[in-house]
Amino acid sequence: MNTTPWLRSHTCGELRAEHVGQRVVLNGWVDARRNHGGIFFVDLRDRYGKTQVTLSAEIAETVRFSAEWVLAVEGTVVRREPMNVNPDRPTGEIDVRAEKVTVLSESRIPPFEVLDQLDTAVETRLRHRYIDLRRAPLQRNLLHRSRFISAMRRAFEAQDFAEVETPILTRATPEGARDYLVPSRVHPGEFYALPQSPQIFKQLLMVAGMDRYFQVARCFRDEDLRADRQPEFTQLDMEMSFVDEERIFAVWEAVLVRTFREAMGVELTIPFPRLTWDECMDRYGVDKPDTRFGLELVDIAAWAKTAEFPVFQEALASGGRTLGLVVPGGGELLSRKDITALEELAKNFGAKGLAWWKASAEGGAGPLARFAAGTKAAELMQVAGAKEGDLLLCAAGKASQARRVLGELRVHLGRKLGLVKPGWNLLWVTHFPMFEYDEEAGRWFSAHHPFTAPVGDLSEIPADLGVMRSRAYDLVMNGWELGSGSIRIHRQDVQARVFQLLGISAEEQSAKFGFLLEALAHGAPPHGGFAVGLDRIVALTLGLDSIRDVVAFPKTASASDLLCEAPSKVAPSQLAEVHVALAGRALLEAGKSDAGTAAARPPSP
RNA sequence: GGGGACGUAGCUCAAUCGGUUAGAGUACCGGCCUGUCACGCCGGGGGUUGCGGGUUCAAGUCCCGUCGUCCUCGCCA
C-alpha cells in the first residue's frame, strides 16, 4: 500500500508508448509552461528527463504554480497523435493527462532560467549553484564523474587493491605548495595542516605491509588558482609494493582501459607509448605534449653555427640551443598579423623575440631572410626539414627557454590550424630530472618530491645535479598532465643521502621527516605509486576546459565559496579558543567592521 | 605578487562627443488562445548604473580608490 499518495510511480525520463493507458504519478520541477486556453502544457523535469503533462482547462483551474515549483502529477499516460509526436525527446511519444496536481513546494522567481544553453555570469551561477546544478549539462557532468570513479574503484578492487582512508588533519610539510593550516585548541600555538596529498601516509602503508593501496583522496594546496586548479581537488591515489615502473604502468593501463570502456564505451590501446623526459622535451618542448598532431620541434644548430646571425651564435657559444618549428604551408596560412600575434605569445612565455622565415630557395621573407641568402637558404630548409612555402619559427637561448617558447607555440598553432585529431592520446613520460635549481633560493630542490628514487645508485654524484634523472613518471593525455608518481626510496641510507644533496641537515631531517626515516629503518619494501587528478581527467573526458564544471560546489579564482560565503570572519571568542590573534591587514579589517557596527548601533539611553 | 578584460532591470545586453524621463530581449504578473514543446499575440510591474570619492552647469559615460568575477605570468615538490 502506498501511504503517501503523491509519491512517484515513475521518473520524468522513463515513460514510453508501452506505458499508454497506465495511471502514473510523477514528481518533478516545473520546466516550461505553454498555456493554450483550452489546454495547458507543462514540462515536468527531474534528473532522468522531461515529460510533457497536459492539463485540461478544468484541472488547470484547480491549481496555481510557476517556474521551478515542485509538483506531484497524478494522471494517465496517453499516446500522442502522430502529428504531435516530439522526436527530439525520449518521452516524446506520450503525454501524461493530469487528473490531480499537488504543489509539493513553491519557488521564488529563479535567479536565472534552467536552460541547457546558458550565458549567465559564473558569479551568479555559483551563488545559486543548486539552481545551476539542475541544468542537464551539469547533471550529466556529475553523473559521468560518478560513473568514472565507480569504474576506477572496481578496476582497482579487481587487482587486489584495498581502499584505505588517511588523515585530513595532518602535519605541515616543509617543501612544496603552501599548506592550509588549522589551529589546535588543545595545543596552544600549534597547527595541523590539510594534506597536499596522502604521500607520506601511503608510503607508511607500504611499510605496514598493505601491499596494494588506493584511495579517492581530497588534496589541499593554498596556491593561486586557474581554470584547471581548485584549492581542494580530488586524486585517485595508489601505491604498491615490490614493483618497478612497468608493473605500475600495467596496473594503470588496466584500470584506464576498464574505466574508459565502462564509463564511456571507449576502447583504449595499450600499452601507452613511453617517452623519456629528454626525448619529450626535444620533440615537443614541454613535459606534457599533445601528441594528437605532429609539428615537432627541430634543431637548427647545424645551420645556425655557420649562419651570420649574432643572436644564434651567442646562444650556441654559451651552451644554449637554436630550435625551430616548421609550420607546413605556413607562409600562406599565416598572415603578417598572425605572426605578430605569435611574437606576442612568445614574449609572454619569456622570449626576447621570435625569429621567423617564410621558407624559399629564393631567400624567402622575414627577419631570418637576410641570413638565409644564397646557399644558406637551401641549407636551412634541409636542416629544418622545411619545404618551399613553409613557415619556420625559431627560438634561441637556454635550452629550457627555447623549448618552452616553441612548445607553447606548437600547442597554439596545432589548435589554431585545426591539426588536432580527435582521440585519447595517453602516454607515459619517464626519467624526469631528479633536481631543479632555484635561482632565487640559490639551491637545488627535488623536481618531484624528496622521496623519489634516483635512476642508478648514488655511487657517483655528478658535478651538475641537473643531469641526474629520477624514477618519476607522468601520465599525459592530449596535452594535459593527468597524474604523476614515482618509484620511492625504500632505503634509509639513500634517503639520507638525497636529503644531504638537497642541503637538508641531519638535524633538519630528523625534525621534519624523522618519522618517515624511522619507518624506512624498520623494513620498508621496495615500493612506488601514482596519483591521477580526477577533476582533470573527468573534465577532459567530457571535453571541458574548466574543472569547475565537474565539481559540484567549486570555488572562484580567489578561493571563495560564493554559495556559503566561505571563508568568513569568526567571532573573537572562537579565535581565542584556538589561541589565534589577528594581525596586520586582518586586524585593520576587523577594526573597520567593528567601528561600522558601533556606528550603526542606536545610541544608548 | 604582476598584467589584462569585465561590472547598467532577476538574467543577457544597449545607451552617439559628457546632455531631456536609462532602453531592448527574456524571465515574472494579468488578459486572449485546444496541440504546443524555448508556443504565439496584447498589456503591466520591475533600476542605489558594484561601492566610495573627485572633476563638471551636467557623470552610466571622464579621473582616483576600493570590492567582486574571469583570463593570464609568477606560483602550484
Side-chain angles (χ1 to χ4, degrees), chain A residues 31-45 50-58 60 64 66-68 78 80-89 91-92 95 97 107-128 131-132 173-179 196-197 199-200 219-231 233 344-345 347-350 404 408 432-436 438 440-441 444-452 470 472 481 484-486 498 502 533 545-546 548 555-560 562 565 589 592:
Chain A
D31 200 69
R33 293 164 291 155
R34 295 171 291 277
N35 184 355
H36 284 247
I39 188 168
F40 192 105
F41 300 97
V42 189
D43 293 331
L44 206 62
R45 159 171 40 81
K50 293 175 187 175
T51 297
Q52 177 166 279
V53 175
T54 60
L55 283 72
S56 66
E58 298 75 52
R64 199 194 89 78
S66 185
E68 298 308 314
V78 297
R80 294 192 196 180
E81 295 297 321
M83 63 183 298
N84 294 329
V85 165
N86 183 347
D88 298 330
R89 277 194 199 167
T91 58
D95 289 325
R97 196 174 58 212
S107 171
R108 287 187 196 166
I109 298 169
F112 49 88
E113 293 161 75
V114 180
L115 298 172
D116 291 1
Q117 296 287 328
L118 191 70
D119 49 8
T120 297
V122 179
E123 194 175 349
T124 312
R125 291 172 47 195
L126 288 182
R127 223 174 271 287
H128 303 275
I131 306 281
D132 202 22
T173 42
E175 306 213 1
R178 226 173 269 122
D179 286 315
Q196 295 174 27
S197 76
Q199 181 61 37
I200 289 177
C219 306
F220 306 85
R221 293 179 191 173
D222 187 4
E223 295 292 344
D224 288 350
L225 307 177
R226 292 282 192 288
D228 62 349
R229 276 190 240 153
Q230 284 275 303
F233 58 98
E344 283 307 309
L345 199 65
K347 283 179 188 160
N348 203 19
F349 290 106
R404 170 113 199 268
E408 297 287 352
F432 274 73
M434 181 84 181
F435 301 107
E436 277 168 359
D438 184 324
E440 245 175 75
W444 291 93
F445 282 87
S446 293
H448 188 56
H449 58 59
F451 321 116
T452 304
S470 75
E481 181 200 316
S484 59
S486 62
V498 168
L502 287 167
D545 293 325
S546 172
R548 271 188 287 263
K555 293 181 176 59
T556 68
S558 58
S560 296
L562 297 178
E565 299 186 306
E589 287 297 319
K592 265 189 234 163

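Quick note on labels: first sequence line is chain A, next is B, and so on, each numbered from 1.
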Provide, to the nearest angstrom, the distance between the [atom1] atom belonging to [X] and the [atom2] atom belonging to [N].
X        : N      : atom1 : atom2 : answer
A/Glu223 : B/rC75 : CD    : P     : 10 Å
A/Glu68  : B/rC11 : CD    : C1'   : 14 Å
A/Asp438 : B/rG74 : CG    : P     : 14 Å
A/Asp116 : B/rC37 : CG    : P     : 17 Å
A/Asn86  : B/rC39 : CG    : C1'   : 12 Å
A/Glu408 : B/rC73 : CD    : P     : 7 Å
A/Asp31  : B/rA38 : CG    : P     : 10 Å
A/Glu81  : B/rU34 : CD    : C1'   : 13 Å

For this session: Going 5' to 3' through nucleotides 24-30 of chain B, assign each nucleotide B (protein heavy atom under 4.0 Å from a base atom), S (under 4.0 Å only from sugar-phosphate atoms) or - (no protein heavy atom that close).
Result: --SSSS-

Integer angstrom distance from the [atom1] of [N] to that of [M]:
N      : M      : atom1 : value
B/rU55 : B/rA15 : P     : 28 Å
B/rA9  : B/rC17 : P     : 23 Å
B/rU56 : B/rC63 : C1'   : 12 Å
B/rA22 : B/rU61 : P     : 15 Å
B/rC76 : B/rU16 : C1'   : 48 Å
B/rA27 : B/rC11 : C1'   : 7 Å
B/rG60 : B/rG45 : C1'   : 23 Å
B/rG47 : B/rG7  : C1'   : 15 Å

Problem set entry | Nearest to side-chain heavy atoms of A/Arg89, which nucleotide of B/rC37, B/rG1, B/rC73 | B/rC37

Exercise. Which of these nucleotides, B/rG35, B/rC76, B/rC11, is closest to any side-chain atom of A/Arg229?
Worked result: B/rC76

Taking any heavy-atom pair under 4.0 Å as a contact, classify [X]: base, sugar-phosphate, or nothing.
X        : result
A/Asn35  : base
A/Asp43  : sugar-phosphate
A/Asp95  : base
A/Phe41  : base
A/Asn84  : base
A/Arg108 : nothing
A/Ser486 : nothing

For this session: Flag as yes if A/His36 stacks onto the base of B/rC39 (centroids under 5.5 Å, planes under 30°), otherwise no.
Result: yes

Pairs of donor and acceptor atoms involving the side chains of residues 107-119 of chain A, under 3.5 Å and at least two apart or interchain, shall be tabulated with distances.
none

Exercise. Has the side chain of A/Arg125 got a donor or acceptor that lies under 3.5 Å from a partner of the other kind on the base of B/rC11?
Worked result: no

Exercise. Is there a side-chain contact (heavy atoms from CB on, under 4.5 Å) between A/Asp132 and A/Leu126 once you walk through the steps?
Worked result: CA-CA 8 Å; A/Asp132 202 22; A/Leu126 288 182; 5.7 Å; no

For this session: Report the residue (A/Asp224 or A/Gln199) whose heavy-atom-nearest nucleotide on RNA chain B is the more 5′ of the two.
Result: A/Asp224

For this session: For A/Arg89, check side chain to side chain donor-acceptor pair (under 3.5 Å) against everything at least two apart and list the hits.
Result: A/Asp43

Problem set entry | side chain to side chain donor-acceptor pair (under 3.5 Å) partners of A/Glu123, counting only residues at least two apart | A/Arg127

For [X] and [Y], work out which heavy atoms get closest and say how close.
X        : Y        : value
A/Ala60  : A/Phe40  : CB-CB, 4.4 Å
A/Phe233 : A/Gln196 : CZ-O, 4.3 Å
A/Pro450 : A/Leu502 : CB-CD1, 3.9 Å

Problem set entry | B/rG74 phosphate, OP1 or OP2, under 4.0 Å from A/Arg178 side-chain N/O | no

For this session: Could I get the full list of salt bridge (charged side-chain N to carboxylate O under 4.0 Å, His left out) partners for A/Glu68, not counting sequence neighbours?
Result: A/Arg45, A/Arg134

For this session: May I ask you to check whether over 12 heavy atoms, not counting those of A/Arg97, lie within 6.0 Å of atom CZ?
Result: no

Between protein and nucleotides 69-72 of chain B, what N or O pairs are separated by less than 3.5 Å?
unit_1, atom_1, unit_2, atom_2, d
B/rU69, OP1, A/Thr556, OG1, 2.9
B/rU69, OP1, A/Ser558, OG, 3.3
B/rU69, OP2, A/Ser558, OG, 2.7
B/rU69, O4', A/Glu123, OE1, 3.2
B/rC70, OP1, A/Ala557, N, 3.4
B/rC70, OP2, A/Ala557, N, 2.8
B/rC70, O3', A/Arg548, NH2, 3.3
B/rC71, OP1, A/Arg548, NH2, 2.6
B/rC71, OP2, A/Arg548, NH2, 3.4

